[in-house]
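Data block below; observations after.
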Amino acid sequence: MSTPLTIYRPDLAAGRDAQVLHRAATPEFSGWLEHTRTAGGCARPVRLTGTIAAVERDTGRVLGEQHTDELPDGALYKACGNRRESQCPDCAWVYQGDAYQVVRCGLTGGKGVPASVDRHPVVFATFTAPSFGPVHHRHIPRHTCATRQRCDCRPAPCRARHTAETCQHGQPAACFARHDADDPRLGQPLCLDCYDHAHQVVWNYFSGELWRRTKQAIERHLAVLCRRRGVPLVRVVTASGKVRWVPPVRVSHGKIAEMQRRAAVHFHVLLRLDGVDPDDLDALVPPPVGITVDDLEAAVHTAVRQITITTPPHPDRQGGWVVAWGEQVDVRRINSTSGELTDAKVATYLAKYATKATEATGHQSTRLTPATIDDYADPEGDHLARLIDACWHLGRPTGTDTASGAATADDRQGSIDTKPNTYAGLRRWAHMLGFGGHFLTKARRYSVTFGLLRDTRATYRRAEDDHPTDTVTVGMLTYAGSGWLTEGDALLANTAAAQRRQARRIGREELAHEAWLVGAAA
């Protein structure tokens, strides 16, 4: 006869300390810790209820079933998987590790990517947004510090001028302050009325298309260069038997979007030059002889100068807006003889920004709706409030435009049924200040996928838990809620997860030390 399950009553413990003691005093405490291990550390785990069945892999025969009512808390806990560090630090830590592997495998190989890719030409390019008006910034003309992470160099005056000029709205056009790195004025316009908030949110909205056309221009430039140098096209036979002639080079990329303090995105992009294998289009082969990293770097600069987008007409601007890159475009080489940028440094840098979104601007919110927009948007408010208002106003149905350019009350509530707007997506992404793309994207051939890394981790955990390899676990589960039942549960689960991570870190260090001792003895 099985022991009856003791029901945990969170209502019996008022404070967090009392909740911890009450949970730890239950006979099933150790089983509860093991039960919540996969979600330990998560800020808001997902609770699932239903039936879990063990199915024989070959025959499909059900070997056993268990209902979640028989589990601790009557639910199955699953980590939320949120990539944003501000929302769930533990899940973001896992995502950041995956992002590091995705980026670095495209530079050095591994996990199914051939090691030969480390000999392909690679550049690290930064594409910035243009100016939409003067903002407070921190500029260091010459660095004398030992490391940029602990830079203590004295910055130059923000915007020094020989004369004390003012803008048309009477605001100072100069700033002589030497801003600290944490100065809240950084990224804020000198004059809110002069700043073109509408143009900036439109730029954020179309920046993904601008990047797509820029990459196409880079590949076209390289294809023309191959023709000039006598590098022949590659003959490819498709699955249907048709013959195609394709350029002998292609560019694979890994891209991170970073939100600047002024709330304009810019892109950090790894561009790797690959060749084309006519027998296997998915194979990663070196580019043809004669096409070097110098050509790749020149192609980036040429494409940046050539590509601009004129957006579709809008009631507020019949000619649309011009979307182009800013003047500050930086292109550097990876693993060059100077040693300034290595694959590990770049992968770490990009993985760090993969877990961030709008935190640098000071704005954090979920998707905005007509019921919540007034809490954040204000055409006469601060910089962020005006950007959000511009997103909501430009994304309105086209029949609701007003002469003043401000969103009306009916417009905010979305109660007017009119024609759709090409810019309607700005409302969907108003909480992201117009940017609707993912913060980490890559070309299909660049590297491994997040899905492969997650599947590998799940397989490892099943083997670690001694799960039978001839059975498959099938869950018929429904959503029951999010978050831990009490603050005490959150404290216990997060503490146990932190201890497990610490133990793994110490174990890895000891294994590395033992390997070093073996190598030294040999």
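Throughout, numbering of the chain's residues begins at 1 and tracks the sequence. The shown structure was predicted, so the numbers you read here are calculated from the model rather than taken from an experiment.
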R229 versus G290, closest heavy-atom pair with distance: NH1-O, 2.7 Å
One pair to check against side-chain contact (heavy atoms from CB on, under 4.5 Å): D389 and D378. What are the steps and the verdict? CA-CA 6 Å; D389 182 79; D378 184 358; 5.9 Å; no
Spatial distance of atom SG (C175) from atom NE2 (H137) [nearest 0.5 Å]: 9.0 Å
Are there over 12 heavy-atom neighbours, none belonging to R84, within less than 6.0 Å of that residue's CZ? yes
What pairs with D193 under salt bridge (charged side-chain N to carboxylate O under 4.0 Å, His left out), at least two apart in sequence or on another chain? R386
Would F132 and Y195 satisfy side-chain contact (heavy atoms from CB on, under 4.5 Å), going step by step from the backbone distance to the final call? CA-CA 6 Å; F132 305 102; Y195 199 85; 3.7 Å; yes
Working to the nearest 0.5 angstrom, can you tell me the gap between H438 NE2 and I256 CD1? 9.0 Å
Supply the atom-to-atom distance L384 CG to T361 OG1, rounded to the nearest 0.5 angstrom. 5.0 Å
Nearest 0.5 Å, please: how far is CZ in F206 from OG1 in T310? 10.5 Å
Under the side chain to side chain contact (heavy atoms under 4.5 Å, CB included) test, which residues partner L491, sequence neighbours left out? R16, V20, T495
Distance-only criterion, 3.5 Å: show the donor-acceptor pairs between side-chain atoms of residues 112-125 and protein atoms not counting sequence neighbours.
{"residue": "H120", "atom": "ND1", "partner": "L273", "partner atom": "O", "Å": "3.3"}
{"residue": "H120", "atom": "ND1", "partner": "D274", "partner atom": "OD1", "Å": "2.7"}

Could you measure the distance from the CH2 atom of W325 to the CD1 atom of I309? Nearest 0.5 Å is fine. 8.5 Å
First locate atom NE2 of H221, then atom SG of C226, and finally report the distance between them rounded to the nearest 0.5 Å. 10.0 Å
For the pair F450 and Y95, name the ring-plane relationship: parallel under 30°, tilted 30 to 60°, perpendicular over 60°. parallel
Can you confirm whether E487 is buried at CD, in the sense that more than 12 heavy atoms of other residues, nucleotides or ligands lie under 6.0 Å from that atom? no
Under 30°, 30 to 60°, or over 60°: which ring-plane class applies to W429 and H431, parallel, tilted or perpendicular? parallel
Pair Y423-W321, ring-ring contact (aromatic ring centres under 6.0 Å, His included): steps then yes or no: CA-CA 12 Å; Y423 298 82; W321 288 268; 5.7 Å; yes
Starting from the C-alpha separation in whole Å, work towards a yes-or-no answer on side-chain contact (heavy atoms from CB on, under 4.5 Å) for L210 and F127. CA-CA 11 Å; L210 179 63; F127 301 88; over 6 Å; no
Closest heavy-atom pair, S447 versus C105, reported as atoms and distance to 0.1 Å, is OG-CB, 3.4 Å
Taking all heavy atoms of Y100 and all of A351, pick out the closest pair and write down the distance. N-CB, 3.7 Å
Are there over 12 heavy-atom neighbours, none belonging to E327, within less than 6.0 Å of that residue's CD? no
Run the side-chain contact (heavy atoms from CB on, under 4.5 Å) check on Q171 and C194 step by step: do they pass? CA-CA 9 Å; Q171 298 296 325; C194 290; over 6 Å; no
Salt bridge (Lys or Arg N to Asp or Glu O under 4.0 Å) between K356 and E258: does it pass, once the steps are laid out? CA-CA 8 Å; K356 301 184 185 301; E258 179 190 356; over 6 Å; no
Donor-acceptor contacts, no H, no angles, side chain residues 180-192, under 3.5 Å, sequence neighbours left out:
{"residue": "D183", "atom": "OD1", "partner": "R185", "partner atom": "N", "Å": "2.9"}
{"residue": "D183", "atom": "OD1", "partner": "R185", "partner atom": "NE", "Å": "3.4"}
{"residue": "D183", "atom": "OD2", "partner": "H179", "partner atom": "ND1", "Å": "2.9"}
{"residue": "D183", "atom": "OD2", "partner": "R185", "partner atom": "NH2", "Å": "3.2"}

Sole residue of R262, H363, R261, H197 in side-chain hydrogen bond (donor to acceptor under 3.5 Å, both in side chains) with H383: H197
Test of understanding: with salt bridge (charged side-chain N to carboxylate O under 4.0 Å, His left out), list the residues that count as partners of R305, not counting sequence neighbours. none
CD (Q328) with more than 12 external heavy atoms under 6.0 Å: no
Output all residues satisfying salt bridge (charged side-chain N to carboxylate O under 4.0 Å, His left out) with R138, sequence neighbours left out; order by chain, then residue number. none
